[in-house]
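On a predicted model such as this, the values are computed, not experimentally measured, just so you know. Whatever order the structure lists ligands and atoms in, that order sets their numbers, starting from 1.
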Amino acid sequence: MKIKNIGVIGAGYTGIPAAILFAKYYDHVTLFQRNSPRSGYKIDLINSGKLPVKSNEPNIEKMLKDAVTKKKLEATSDFETIQDLDAITIDVQTPFNHMKETPDIYPLLDACRSIGENISEDTLVVLESTVTPGTTEKIVANTLINQSGFTVGKNLFVAHAPERVMVGRLLKNIQEYDRVVGGVEPISTDVAVELYKPLMTKGTIIKTTARTAEVIKTAENAIRDLQIATANQLALYCESMNVNFYDVYNGISSLRGDGVTRALLLPGAGVGGHCLTKDSHLLESGIENIGKFLDFPEDSDSLFESARNINKFMPRHMKNLAVIGLKKLNKNPKLCKVAVLGWSFLPDTDDARNSPTAAFTLISHKVFKEIRIHDPFEHIDKHNTIEQSLENVVENADVIMLFTAHDEYKKLTPGYLKQISGHSNPVFVDGRNLYNSTEFINAGFVYEGIGRGDVNNLRVFQTGNDTE
Ligand code: SAJ
């Protein structure tokens, strides 16, 4: 089957780079976007060559503009044009409804129905979004079969090829990372492999089944969440035993040899983002979805649930460190002002999905007199005001807390922070081990750092009479 015209459903972080790259190697790409109040604006923006998602990746917007100018890429909300396509990828969001403990499959179902109503014979449909194992067979293939009357493997081909795009590395990853491609049956796998082959500059294609591809994707993020949780749990132990986590980290990392590895990641103020906070839940809901029998005690938390709980605890630990620091100064937290540095969930991006800082403010607004939040990027949040003037946020702050290691925070000195706080002994809580604790302590700060059991319990150095 010759693939010439491609459709991508969903103009988001994964759909847009996919469409841009398909436009480079195929005749034409149609990027479908619901004309919804929240996202409909993207259609005109993309058709004017403008990127609706922030990316500091070089030349991605230029590639979009070129594709649009050459009429190789067009955004639309008209799903009827699907009938003219040879291949379609689905890149809609697949949120996890934490209240109901189930994946929210409505956006995916809506996309499958739109495709099923308009699809022509011999079309390939590939799900790129991250989903619960079993979804490609049970939701995507079944919906398309029921709506189109086609037969998978004969005049309809269905596969899962999970995206591995990362903030700031959207195009690079698609071309250079290995790509897992799994059909709901073998012919669909082969047809889907042909779609991705031209895009792979360095990466190779790993052929498998749709279900295995779903487990690979959700598990690779569940395992990363687990690795971070290991670091966070160990950091809490180090604080308790007056040990520096980073000394332990270096010691453990020295254990190297044939086949010996210890992939320890870093502790921090919390785990945010759209991937790690949901993918272990998606993985485990696969047991419910297609699992036959699970020989594991029903009443005990899985390893991945425990990891989620440890990572979700870290914003609370940040609050506790702030309160501990204030107590050392005999200050009542309810009379104190807190300055938070960082709202984005990762450094140097405006992406704040599942921000650990949001989790912190949720549990802290009744603990302190006032909480002000700074971030170098512009953020709109319905519950919090995020300011871009550092002086205004830190002015008169009893506590300064670092949540996100943005580049621009690296140049801040204890002297400068102390001067704009106006206090002779402010508390500093370092949530990302960004600073030199000794410099802060010698400048009169009460320093509390994640994993810093070696310095968190030092007595306060008084620099002159404390005016508070
Ligand atoms: N974090 C830590 N300690 C670490 C690493 C991260 O606390 O050692 C925190 C970060 O501060 C952030 C959260 O975890 O709040 C998530 O960080 P992340 O680096 O995992 O970034 P994500 O959420 O964008 O994860 C994505 C994933 N990519 C895809 O799903 C396609 C993940 O598979 C990648 O490994 C990750 O990017 C990456 O390595 O950049």
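Nearest protein heavy-atom contact of atom 19 (O) of ligand 1 is Arg224 NH2, 2.8 Å. Scanning the protein heavy atoms around atom 11 (O) of ligand 1, the nearest turns out to be Arg432 NH1, 3.3 Å. For atom 24 (O) of ligand 1, the nearest protein heavy atom (residue, atom name, distance) is Phe345 CZ, 3.7 Å. The protein atom (non-hydrogen) at minimum distance from atom 34 (C) of ligand 1 is Met166 CE, 3.6 Å. Nearest to atom 3 (N) of ligand 1 among the protein's heavy atoms is Leu266 O, 2.8 Å. Closest to atom 21 (O) of ligand 1, if we only count protein heavy atoms, is Leu346 CD1, 3.7 Å.
Between Arg164 and ligand 1, no N or O atom pair is found at a separation short of 3.5 Å. Taking only nitrogen or oxygen atoms, main chain and side chain alike, Lys217 reaches within less than 3.5 Å of ligand 1. When only interatomic distances are considered, the shortest N/O to N/O separation between Ile228 and ligand 1 does not fall below 3.5 Å. Checked by distance only, ligand 1 and Glu163 stay at 3.5 Å or farther apart across all their nitrogen or oxygen atoms. For the pair Asp279 and ligand 1, the shortest N or O to N or O distance does not fall below 3.5 Å. Annotation: Asn221 places an N or O atom under 3.5 Å from an N or O atom of ligand 1; distance criterion only.
At most 12 non-hydrogen atoms from other residues, nucleotides or ligands lie less than 6.0 angstrom from CD of Glu288.
Going from atom CG of Leu303 over to atom CZ of Phe296 covers 8.0 Å, rounded to the nearest 0.5 Å. Annotation: the span from Glu57 atom CD to Asn173 atom CG amounts to 7.5 Å, rounded to 0.5 Å.
When the heavy-atom distances from atom 9 (C) of ligand 1 to Ala269, Ser355, Gly268, Gly270 are ranked, the shortest goes to Gly270.
Near Leu265, the atoms of ligand 1 lying under 4.0 angstrom from a non-hydrogen atom of the residue are 8 (O). Heavy-atom contacts of Leu276 reach the following atoms of ligand 1: 20 (O), 25 (O) (cutoff under 4.0 Å). Listed by number with element, the atoms of ligand 1 under 4.0 Å from a non-hydrogen atom of Val165 are 28 (N), 29 (C), 31 (C). Against a heavy-atom cut-off of under 4.0 Å, Gly272 is close to the following atoms of ligand 1: 12 (C), 13 (C), 15 (O), 16 (C).
Note that Arg353 lies in the cation-pi zone of Tyr13, set by a 6.0 Å cut-off to the ring centre and a 45° limit from the axis.
Side-chain atoms of Tyr196 and Thr89, non-hydrogen and from C-beta on, do get closer than 4.5 Å to each other.
Of the charged side-chain nitrogens involved, none lies within less than 4.0 Å of a carboxylate oxygen, so that Lys312 and Glu305 do not count as a salt-bridged pair. With respect to the salt-bridge test (charged N to carboxylate O, under 4.0 angstrom), the residues Lys197 and Glu194 qualify. Taking the charged nitrogens against the carboxylate oxygens, Arg432 and Asp430 have no contact shorter than 4.0 Å, which rules out a salt bridge. Under a 4.0 Å N-O distance rule, the pair Asp110/Arg113 does not qualify as a salt bridge. Remark: Asp66 does not engage Lys24 in a salt bridge, criterion side-chain N to carboxylate O under 4.0 Å.
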